[in-house]
Amino acid sequence: MPLRLATWNINSVRLRIGLVEKLVREHRIDVLCLQETKCPDDKFPMSDVRKLGFEHVALHGQKGYHGVATFSRFPFVTTARERFADKDDARHLATTFAAGPLEGVTVHNFYVPAGGDEPDPIVNPKFAHKLQFLSELTDWSTRIADTGRRIMVGDLNIAPDPSDVWNHKQLLKIVSHTPVETEGLDAMREAGRWVDTVRSHVPHPEKLYSWWSYRAADWEAVDRGRRLDHIWASADVAARTTGVETLRFARSWERPSDHVPVIVDIV
DNA sequence: ATGGTCGAAGGTCGA
């Protein structure tokens, strides 16, 4: 049986720990990477996580905002909590597996800044911050490009291709799909020799989304989604992926996150 | 063209 690794922007882990349980039990998740936990480490619902069978837990949280967490059935060591773009935001967590199917593989769990509404770094410091974060991710990717056995997952807050958004032309000036962002993400992927494992299994131009705004009255009927959540891997690990799932129906779970889980199977 | 909804914190901000 392949290992199942999931990434999910949970938008408050304490509010939605029940949905985490549903995901893990119904989809046999072995490694789970969460973003936007919005939870300080000392308030994390650890006993619930242990009850789900995750003996190995790494946290990088802060009060109120951001926050990432990685759980696993297989042992790992936490190898980094890097800071980017001159801020101490909790947006990265690296874990390196010590045993199991991912032995020797490092999983990087990221929550990239959303960037605010106005796609102009001059007037919008949040967008400037996002672009700086992206630039530093490209440098970081360049530094590890010659190494194998790595996975990068998370909410990258960019939908890179026309088939990753409901309307390419209409979103060109909307933060998450502007050319400076999509080209930046492409540059980063190439710098790190990352393989977009989701698109390896669900090729363009098939539409694929992982996020739908809370603001739409009927998200499913309108279906104005974006693919903001990603699973990338070095070529050696990408070659071991046997399939991916994007759990669109999770957007209809009770009191849902605005993002849905994305899952990859690895042998 | 506009405004629409969430969550955590908590006397708003970030998404």
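Labels below follow one simple rule: chain letters A, B, ... track the order of the sequence lines, proteins then strands, and each chain is numbered from 1. Because only heavy atoms are used, hydrogens play no part in the values below, and waters and symmetry mates are left out as well, while side chains stay in.
Residues from residues 160-180 of chain A that place a heavy atom under 4.0 Å from any atom of DNA chain B: there are none.
Along DNA chain B, the nucleotide nearest to A:Lys63 and the one nearest to A:Ala216 differ in position, and the one closer to the 5' end is contacted by A:Ala216.
Rounded to the nearest Å, the gap between the P atom of B:dG10 and that of B:dG14 is 13 Å. Rounded to whole Å, the P atom of B:dG7 lies 23 Å from the corresponding atom of B:dG3. Between B:dT12 and B:dA1, the distance separating the two C1' atoms is 26 Å to the nearest Å. Going from the P atom of B:dT2 to that of B:dC6 covers 23 Å, rounded to whole Å.
Scanning for side-chain contact (heavy atoms from CB on, under 4.5 Å) contacts around A:Lys43 gives A:Arg14, A:Cys39, A:Pro40, with sequence neighbours left out. Partners of A:Asp218 by side-chain contact (heavy atoms from CB on, under 4.5 Å), not counting sequence neighbours, listed by chain and number: A:Glu220, A:Ala221. A search for ring pair (Phe, Tyr, Trp, His ring centres under 6.0 Å) contacts involving A:His204 returns nothing, not counting sequence neighbours. A:Asp186 meets the side-chain contact (heavy atoms from CB on, under 4.5 Å) test with A:Pro160, A:Arg189, A:Glu190; sequence neighbours excluded. Not counting sequence neighbours, the partners of A:His27 by the ring pair (Phe, Tyr, Trp, His ring centres under 6.0 Å) test are A:Phe249. A:Ala94 is linked by a side-chain contact (heavy atoms from CB on, under 4.5 Å) to A:Thr79, A:Ala80, A:His92, A:Thr106, A:His108, counting only residues two or more places apart in sequence or in another chain.
The residue A:Arg224 sits apart from the nucleic acid: no heavy atom pair falls under 4.0 Å.
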Distances for protein N/O vs nucleotides 12-15 of chain B N/O pairs under 3.5 angstrom?
{"residue": "B:dA15", "atom": "N6", "partner": "A:Arg215", "partner atom": "NH2", "Å": "2.6"}
{"residue": "B:dA15", "atom": "N1", "partner": "A:Arg215", "partner atom": "NH2", "Å": "3.1"}

Atom pairs and distances, side-chain donor-acceptor, residues 260-267 of chain A, under 3.5 Å, sequence neighbours left out:
{"residue": "A:Asp265", "atom": "OD1", "partner": "A:Arg4", "partner atom": "NH1", "Å": "2.9"}
{"residue": "A:Asp265", "atom": "OD2", "partner": "A:Arg4", "partner atom": "NH1", "Å": "3.1"}

Contacts table for residues 120-129 of chain A: side-chain donor-acceptor under 3.5 angstrom, sequence neighbours left out:
{"residue": "A:Asp120", "atom": "OD1", "partner": "A:Ile122", "partner atom": "N", "Å": "2.8"}
{"residue": "A:Asn124", "atom": "OD1", "partner": "A:Lys126", "partner atom": "N", "Å": "2.9"}
{"residue": "A:Asn124", "atom": "OD1", "partner": "A:Phe127", "partner atom": "N", "Å": "3.3"}
{"residue": "A:Asn124", "atom": "ND2", "partner": "A:Gly115", "partner atom": "O", "Å": "3.0"}
{"residue": "A:Asn124", "atom": "ND2", "partner": "A:Glu118", "partner atom": "O", "Å": "2.7"}

Secondary-structure string, 5' to 3', Watson-Crick or G-U under 3.5 Å, | for another-strand partners, for DNA chain B | ....((((...))))
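Listed by first then second residue, pairs satisfying salt bridge (charged side-chain N to carboxylate O under 4.0 Å, His left out) with a partner in residues 136-158 of chain A read A:Asp146-A:Arg193, not counting sequence neighbours.
Side-chain N/O atoms of A:Arg14 include none lying less than 4.0 angstrom from OP1 or OP2 on B:dG7.
Under the 4.5 Å side-chain heavy-atom criterion for grouping Ile, Leu, Val, Met, Phe, Trp and Tyr, A:Val24 is connected to A:Ile10 within one hydrophobic cluster.
Between the side chain of A:Thr241 and the backbone N or O of A:Val237, no donor-acceptor pair lies under 3.5 Å.
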